[in-house]
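Please read all numbers here as calculations on a predicted model, not as lab measurements.
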Amino acid sequence: MKKIIAMLLVLVMALGLVACGGGSDEKVELKVIAAQYGGKTAEWWVGFEKDFEAANGNIDLVVDVVSWNDIYTVVNTRISNNDAPDILNIDVFADYQADGLLLPAEDYVSDETYAKFYPAFLDQSVVDGTVWAIPDLASARALYYNADILAAAGVEVPTTWAELKDVCEAIKAYDANIYPWGVDMTTDEGQACFAYYAWTNGGGFVDASGNWTLNSAENVEAANYILGLVADGLTNTNPATETRYDLQEMFAAGKLAMMIGPNQISSYVASTENPINFGIASIPANEGKSTSSVGVMDRFMVFDNEHSDAEMEAITKFFDFFYEDKRYSDWVIMEDFLPATSAGGQIMAEADPAAAAWIEIVGSAQFYPAAKAEWADVKQGVINVLQQGLLGQDVQGLLDALQADIAG
C-alpha cells in the first residue's frame, strides 16, 4: 500500500511540473530584428547569439539582421501578420508607440543598465513623460574636406553658404573632373540633407513648442540653396541615387572635394590603400546663422507581445548582456559609431583619443524629432520634397503641401 501511495505521489508531482510548464528546462524564445550597419554586423550577431545562449541555457535567441533598405518593410509586414519581433533595433519608434505596440523601457531594462545611458539620449525617446525606447548607438556629422584639393584650388575651408558656393566654383574651375560638394538626397540620408541646411539657416522641423514648421521661410530658402548647388553642377551628378556610402568612396578616392558625413569616414579613408590628406570642420551656415551638427541615434524597443514573466526576464537579460561595458564598446567600435553609454564613451576615448571630440560633438548636436508620431511620414516627406525639387518642382508648394498633410 505504501508503495502505491509513493508511486501516486511521484505521479502527482510529475503532473504538477507539466502543468507549470515543464520546469526549468523549458526554452524561452526571443525574436530580434537588428539593423545591418556594416559588413561585419551579421557575423557579430551570430557570435552574440552563441555567447548569450551559452550563458542563458533556457533562452533561444533568434536574431534576424536586415539591411536598412528593407528593414521598414520587413518590420511592418511582420506587424501586419501578427508576428512582431520581441525586440527591434531601428531608428524610428514613435509611430509604433502611438499605435500602442510598445512597452515602456522601465518594464524591461534593469536599473543597472538604465543608469549607463547618457540622459540626453534617453530624452530623445520620451513621449508623455515615459521612455519608450533605449539608445543603441549614435553618430554626429561634420564637414570633411580634401586639404590638398582646396590648397591646389587656392581656397580656404568654407564657413558660410556664400563661401561654400565660391569654394565649389573655384574647385570646379581648378579641375572639372572633381566634384566639389557631395549631396545625398536618397531614401538613406535625404532627411539628413534637409536638416543640414535647414538647421544652419535657423529653420528646422519644429518650433520651440514642438509644432511642425516644415514650410517655414528658412526651410524653403535652405532647400532652394542646396538644390541650386546641384543645378549649377557643383555637386555629384545623381544626389537622388548616390548614397553617403557612394560619396565616401568618391571622397576617399580623391574624386570629391568636400562632403558632410559621420565619424566613420575617418577610419574608412585611413583604411584605403592610398589615404588622402583630409580635414574635419564645422558644417557651413548661412550668414549670421549658427552652425549645427546633426545627431543621429538608433534605438532598441520592445513590442508588447503579451510576454510571460519568463519572457520578460529573458528580455531584461538580453539587454544586460548586450550593454555589458566591454561587449557593448567592442560592438560600437567595430561598427565605427559613437556609444550611448558613459562607460562606452570612456572606453572608446581611451582606445581612440580622436573619438573624444566626436563624443563631445554628438552631445551638443540637434536630433530629429523622432519622438513625434508623424516623424516617419515627415522623414519621407522631406526626402520627396528634395527629390521633386531636383526635377524642377516648386519647393515652396511642396513644403506647403507637406505641412498641410502633417499638421492637418
Go through it in stages, so that I can follow the logic: the residues are S125 and R299, the test is side chain to side chain contact (heavy atoms under 4.5 Å, CB included), and I'd like the CA-CA distance, side-chain angles, deciding distance and then a yes or no. CA-CA 9 Å; S125 300; R299 299 164 169 83; 2.7 Å; yes
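- Contact record, N89 with A35: OD1-N, 3.1 Å, taken as the closest heavy-atom pair.
- With rounding to the nearest 0.5 angstrom, the CD1 atom of I134 is 11.0 Å from the OG1 atom of T341.
- Within the model, atoms CD1 of I260 and OG of S293 stand 9.5 Å from one another, a figure rounded to the nearest 0.5 Å.
- In this model, no donor atom of one side chain and acceptor atom of the other lie less than 3.5 Å apart for T186 and D188.
- Side chain of E242 to main chain of N238: a donor-acceptor pair is present (N/O by atom type, distance under 3.5 Å, no hydrogens or angles).
- In this structure, F48 and F52 have parallel ring planes: the angle between them is below the 30° cut-off, well short of the 60° mark.
- D91 and Y72 share a side-chain donor-acceptor pair at under 3.5 Å.
- Here the OG1 atom belonging to T187 is positioned 6.0 Å from the CG atom belonging to N69, to the nearest 0.5 angstrom.
- Closest approach of A240 and L390 over heavy atoms only: CB-CD1, 3.9 Å.
- In this structure, the side chains of L143 and M258 come closer than 4.5 Å at one or more pairs of heavy atoms.
- A donor-acceptor pair is defined here as one N or O able to donate and one able to accept, closer than 3.5 Å; such a pair exists between the side chain of N263 and the backbone of D336.
- A cation-pi arrangement is found for K372 relative to W212, the charged atom lying closer than 6.0 Å to the ring centre and inside a 45° cone about the ring normal.
- Residues that satisfy the salt bridge (Lys or Arg N to Asp or Glu O under 4.0 Å) test with D377, not counting sequence neighbours, are absent from this structure.
- A search for ring pair (Phe, Tyr, Trp, His ring centres under 6.0 Å) contacts involving Y145 returns nothing, not counting sequence neighbours.
- For Y225, the ring pair (Phe, Tyr, Trp, His ring centres under 6.0 Å) partners at least two apart in sequence or on another chain are W161.
- A donor-acceptor distance shorter than 3.5 angstrom exists from the side chain of T316 to the backbone of Y108, with no hydrogens or angles considered.
- Residues F117 and Y323 bring their aromatic ring centres within 6.0 Å.
- Rounding to the nearest 0.5 Å places CD1 of I276 at 11.0 Å from CG of N274.
- In this structure, the side chain of E163 engages the main chain of T159 through a donor-acceptor pair within 3.5 Å.
- The only member of D64, D83, D60 that meets side-chain hydrogen bond (donor to acceptor under 3.5 Å, both in side chains) when paired with K31 is D83.
- Looking at L234 and W181, their side chains never come closer than 4.5 Å, going by heavy atoms from C-beta outward.
- The aromatic rings of F205 and F194 sit tilted, their planes meeting at an angle between 30° and 60°.
- With sequence neighbours excluded, no residue forms a side chain to side chain donor-acceptor pair (under 3.5 Å) with D166.
- Legend: residues meeting ring pair (Phe, Tyr, Trp, His ring centres under 6.0 Å) with F337, ordered by chain and number and at least two apart, are Y37.
- Put simply, the side chain of V62 does not reach to within 4.5 Å of the side chain of L30, judged on heavy atoms.
- Within 6.0 Å of CG in N81 there are more than 12 heavy atoms belonging to other residues, nucleotides or ligands.
- Salt bridge annotation for D51-R327: absent, with no cationic side-chain nitrogen under 4.0 angstrom from a carboxylate oxygen.
- How far CG of L399 is from OG1 of T213: 10.5 Å, rounded to the nearest 0.5 Å.
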Under the criterion side chain to side chain contact (heavy atoms under 4.5 Å, CB included), I'd like the reasoning laid out for N219 against Y197: C-alpha separation, chi angles, the key distance, then a yes or no. CA-CA 8 Å; N219 289 355; Y197 306 97; over 6 Å; no
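- The shortest heavy-atom contact between A257 and P180 is CB-O, 3.5 Å.
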Residues N215, L402; criterion side chain to side chain contact (heavy atoms under 4.5 Å, CB included); working and verdict: CA-CA 8 Å; N215 62 339; L402 179 60; over 6 Å; no
Criterion side chain to side chain contact (heavy atoms under 4.5 Å, CB included) on K165 and D232, from CA distance to verdict: CA-CA 10 Å; K165 185 173 183 180; D232 290 340; 3.5 Å; yes
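- A donor-acceptor pair shorter than 3.5 Å can be found between the side chains of D70 and S67.
- Looking only at distances, a side-chain donor or acceptor of N236 sits under 3.5 Å from a matching main-chain atom of V183.
- Between E26 and N58 there is no side-chain heavy-atom pair separated by less than 4.5 Å.
- The salt bridge (Lys or Arg N to Asp or Glu O under 4.0 Å) search around K172 returns none, not counting sequence neighbours.
- Of all heavy-atom pairs between W375 and P369, the closest is CB-O, 3.6 Å.
- Remark: F300 pairs with F319, F322 by the ring pair (Phe, Tyr, Trp, His ring centres under 6.0 Å) rule, at least two apart or across chains.
- By the salt bridge (Lys or Arg N to Asp or Glu O under 4.0 Å) test, E156 is found to be paired with no residue, residues two or more places apart in sequence or in another chain being considered.
- A salt bridge links E189 with R141: at least one charged nitrogen is closer than 4.0 Å to a carboxylate oxygen.
- Across V127 and W132, no two heavy atoms sit closer than the pair O-NE1, 3.3 Å.
- The side-chain heavy atoms of F303 and L103, taken from C-beta on, include no pair separated by under 4.5 Å.
- The shortest side-chain heavy-atom distance between L61 and E29 does not fall under the 4.5 Å cut-off.
- Once rounded to the nearest 0.5 Å, the distance linking CD of Q191 with CG of D184 reads 8.5 Å.
- Put simply, the side chain of I171 reaches to within 4.5 Å of the side chain of I178, judged on heavy atoms.
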Let me have the donor-acceptor pairs involving side chains of residues 146-155, under 3.5 Å, with sequence neighbours excluded, atom names and distances please.
unit_1	atom_1	unit_2	atom_2	d
N146	OD1	D148	N	3.1
N146	OD1	I149	N	3.1
D148	OD1	N277	ND2	3.1

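- Residues L338 and A140 share a closest heavy-atom pair of CD1-N, 4.0 Å.
- Contacts of K289 classified as side chain to side chain contact (heavy atoms under 4.5 Å, CB included), with partners at least two apart in sequence or in another chain: N201, A285, N286.
- A donor-acceptor pair shorter than 3.5 Å can be found between the side chains of S266 and Y144.
- With 3.5 Å as the limit, one finds a donor-acceptor pair spanning the side chains of T41 and E335.
- With sequence neighbours excluded, no residue satisfies side chain to side chain donor-acceptor pair (under 3.5 Å) with E324.
- Listed by chain and residue number, S110, T113 satisfy the side chain to side chain donor-acceptor pair (under 3.5 Å) test with D320 (two or more places apart in sequence, or in another chain).
- Annotation: side chain of P158 is in contact with side chain of V167 (closest heavy-atom distance under 4.5 Å).
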